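Below, chains carry the letters A, B, ... as their sequence lines are ordered, and counting in each starts from 1. Keep in mind that what you see is a predicted model, and the values were worked out from it rather than measured.
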Amino acid sequence: MTKATNYRGWLLLALPLTFLILFYFYPLIKIFITSFSSSLPGSHARLPTALSLGIYGKIIWFTTWQAFLSTAITLIIALPGAYVFARYNFFGKNLLQAFMTVPFVLPTVVTAAAFRALLGTNGLLNNWLTAGFGFAEPPIKIDQTISFFLLAHVFYNYALVVRIVGDFWAGLNPDIRAAATTLGASPSKVFFRITLPLLLPAIGSAALLIFIFCFTSFGVILMLGGPGNSTIEVEIYRQSVQLFNLPMAAILSLIQIVINFLLMWLHARLGRDSKITFFGDSALKTAVYAKTLLQKAVVFSNLFFMVILLFSPLLALVVRSLNTENGLTFLYYTSLFTTHNRSIFYVPPISAVLNSVGFGIAAMIIAVVLGLLVSTHLAATNKNNTSLWDALFMLPLATSAVTLGFGYIITLNTPPLNLRDSIAIVPIAHSLVAFPFVVRCILPSLRQIPACLRESALLLGASPIKVWRHVDIPVIKKPIIIGGVFAFSISMGEFGASSFISRPHMPTMPVAIFRFLSQPGDLNYGQAMAMSSILMFVTVSVFWLIGRLDRG
Amino acid sequence: MIIRKKLLEVTNLSSSYDGCPVLTDINFTLGDGEILCLLGPSGSGKTTLLRLLAGLAEMENGEIIFNDKDIRQIPPHKRNFGMMFQEYALFPHKNVTENVAFGLEMKHLAAIDVETRVQSLLESVGLGGFGGRRIDELSGGEKQRVALARSLAPEPRLLLLDEPLGSLDKTLRDRLASEIRTILKSLGLTSIFVTHDQSEAFSVADKVAILHDNTMQQFDTPENIYRYPANESIARFLGFKNIIYGRVDENCIFHTEIGKIPLAQRHVITPVKDATLLIRPEGAVVKNKGAPLGKIQLSGTVTDRTFQGSTYKLTLNINGKQLIFDLPIDPTPAEPGDSIQIFLPASSLVLLS
C-alpha cells in the first residue's frame, strides 16, 4: 500500500472518527470522571459508602439473576421449536419463519405495551375472565412482577433461538447422524453423543446473546417490572432522571460498560471458532414431513405454542387499541390528533409520529454516510490490520443506550457542544446506535469484491473515484438500502437514549407510549395501545420491505 | 471360479421420492466376500440403493434377505452394516481415535480393547501416529482412511461405500482404490462400492452393476461388462464412441453405411432389421503384408491422430462416419489426410440390443 492511498484512507476515516470521539468517547469519559467525583453541580452528591456498595451488589445480582433465568427459560422452551424447524416441513413454514422475526425487531416499548394489553390488570384476558366468570377482581395478577418481564423476554428471544439453533441444526450434515447410526448408535445415543455436542456452539452463542439482551434490558423491565425490580439499566435511569443522583448513575454506567464489553468480547471469541450465522439460509432440503403420530404431535404442539406466544400479545395490542367503552371504535386513534386539557403533552400526540419519522430519516442518513465511509476504509485495508478499527467502530453496540443518553445529558450541555436543546441530539444518538449495523451490512459485500475487479477497471482507465462509482457502488447498493432501513427502524424503536434526551414537547413514539402508560385513565391507556399499534405496523412493514429486497 | 455362499439377496426393490421413482425393480444377489460396484451416472439411484440396504431410507416394496434372514424390520443401528459416506461424515467434535472408537463403544467393548483395536486399525490404514489429530487437520486422503478405519472397526458383516474416493485427485484415487481392494479382500469383507468412475469400478470390483434410469441394466463381472455392454446407453456410458446402425441378414452380415461387416456366429441366428453395432476401439491393427486372413477390414481417411503413449488414437472417416481406434505405436499409422486400411478382430464387434 502506497503513502497516497494511506492518506486517502485516513481521510475517509476522519469524519466517522471525529463523530465517534465527540459523541461516544467524550460522554463516556465524562461518565468515568463523574463517577469518581462528587462535584457535579446540582446533584445530591452521595459517594458510594459501605452501605451503598450493598445496593450496587443487589442491583448487579438482580440483573444477572434475571438475565440467567430468562436465558434458561427461553432455551428450554425454544429448543424443541428449533428442532421442529430444523427437521420438519409443514404447511406455512416460510410464512411462520418470516413472522418469527417480528418480535425481534419490535421496539421494547411496543412489546411491553402488548403484554400489558394481553395480561395486565386492565388487559384483554383479565377483562374476559372477569366478564365471563364474574371474578370480583382481575384473576391474573402479574403486573409489576418478575414473571411479567420474564415472559416478555421469552417472547423476544424465542425466535432468536429458533433461528440460530434451528438453522445450525438444519445445516448439520445428515450423513454424520447416519454414520453414527450405522456404527450401532440408537436414536437417543445419536442425539446425546453426536447431535447435541455439535449443536453446543450454536446453543452457547444463542444463550450468550439472550443473556446480553436480557442483561441490558431496559424498556420491558421499566414498564412491566415494577419499582422493586431494577436492572442496572433501569437503575441508571431512575438515579439520573427521577432521583438526580448523577454520581451513582455514573458508577452504575461504568459497571454496565465493563460487563457489556466482557460479554461482547466473550461472544466474539466464541463466534470466531464456530461458523454461526444469524440469518443464514436454512437448509430446507433435509427437512421432512411428519409421518408418525408422535412426530405430528411434536410438530403440532410446538407450532401451536409458537403461534400463541408470538401472536396473542400483538393481537391483544390491536384489539385493545380499538376496544373502547363504546365498543370497537377508532376513538383512541382519533384522540391522538387532539390536545386534551388533562393531556401530558403540549402538542397533539400524533406529532410524535412525525418526530419519530423525521428523526429516523436523519439518523438513517447520518448512519449510512458514516457506515459507508468506515466500510470503504476497512475493506480497502489489509484484513489483519483492520480488526482493531473494526472492533473500535463496533464499540457502540456494546454500550447501553441508557448509558449513552445519560452521557449526553451530562456532557452536551455546555458550549461549544450545547446540543441539549437542539433537535440534532436525538438523531445523533440514534445514528451512533445504528451505524455499526450499517457497517455490518455493507462491509461483507465490499470485502467480497475481488481485487482483480477493481484492478482491471483501473487498467481500463477508470480513476479511483470512477472505480468506486462503477464497481463498488453497484455491488453494495442493496446492502446500503438494507442497512439504511435497519438504521431507520432502530431509530424508530429506540427508547433507552431517547428517554433521556428527547425534549418534552418533541417526544418520539416510544417516549410518548411510555408517558401514556405511566399515566392513569382509560384514554391514556388506549392511546398508548393505539400508538404502539402504529409503531408496530411501521416497524413490521419496514422489515417486510427488507425481506422483499433481500429476495428480489 | 470359487462357489461362494449367497450372502445378500435383493428382490423387486423399489423406492421413490416425492412421487418420482428413484429405483424400480432392483434384483441381484451377492456372494460372501464379494465386492460389488454400483456404477452409473449421478442421479441414477446408486446412493439410494446403499441407503435402502443400510436401512437409512425407506423402501416402497421388495425384499432384502441377508444371511437367510429378512432384514427389512431391523432398525439401521442393529444391522451391523458399515457405511462410508460421500464426504466421509467424520464426527467433527471428535479426534481420529475417538472417531474410530465410536462404533466399538456402541458395542460396549472394554476401554482397553477399544484402544488396542483402534491402534491396530489406524496402523493398518497407515495412520499409526494420527490418533490425536483433529478432523480438520487432516488432508482428504487421510480423512478417507479414517473413515475406512471407522467403518471397519465394529467388524461389519457388509460394508457399504458411497463414492469413497469421489473428492480426491486422480493419482491418489488410483492408489487408494487398489489399497481398498487389498484391505477388503484380506478381511474377506462383503462390500458394495458406489462410483461413477468406471476405471475405479473395474479395478476394485468382482461384480459390477450398471444403474441407469432408475433400473439395474446389467449385472456381471467387470470383464463381461466391458466386452459385452447390454445396450447402447451402457456402451455410451462406458465411453464407447463407435456405435453404428444397420441390419443383419440371414448370413450374419451387418449391412451399414460404412459397408458390410461379417459378424461372429455367436451373435445372431435370425436376421434383425434395426440393429446397433458397437466396435470397440482396441485390437485394431494397420493392414500390412503379414496380416492374417479372416479378420474384418475397414478402409477410410485419417482425420485426426493423437499420440497417447502406449497407443495412437486415430479418428477415421469411413463413408462420412467418424470412427475412433486405438492403434499400436508400431508401425506408425498414417498421418491425417492419408487413407488407411485397418483390420479388426471379430471379438471387438458387439451387437447391442
Item to check | Salt bridge Asp162(B)-Arg51(B), side-chain N to carboxylate O under 4.0 Å | outcome: no
Item to check | Selection from Glu87(B), Met83(B), Lys78(B) maximising heavy-atom pairs under 4.5 Å formed with chain A | outcome: Met83(B)
Next on the checklist: Taking every non-hydrogen pair under 4.5 Å, which of Gln86(B), Glu105(B), His93(B) racks up the most with chain A?
Outcome noted: His93(B)
Next on the checklist: I'd like to check the side chain to side chain donor-acceptor pair (under 3.5 Å) partners of Asp32(B); sequence neighbours left out, ordered by chain and number.
Outcome noted: Thr190(B)
Taking side chain as everything from C-beta outward and backbone as N, CA, C, O, which of these in [X] sits under 4.5 Å from a heavy atom of chain A? Side chain, backbone, both or neither.
X	value
Lys94(B)	side chain
Glu155(B)	neither
Pro154(B)	side chain
Leu90(B)	backbone
Arg150(B)	both

Checklist entry - Taking only residues two or more places apart in sequence or in another chain, which ones pass side chain to side chain contact (heavy atoms under 4.5 Å, CB included) with Thr29(B)? => result Lys6(B), Glu9(B)
Item to check | Sub-6.0 Å ring centroid separation between Tyr88(A) and Tyr83(A) | outcome: yes
Item to check | Centroid-centroid distance, Phe102(B) to Phe91(B), less than 6.0 Å | outcome: yes
Next on the checklist: Just so I know, are the side chains of Phe81(B) and Pro156(B) near enough to count as touching, which here means a heavy-atom distance under 4.5 Å?
Outcome noted: no
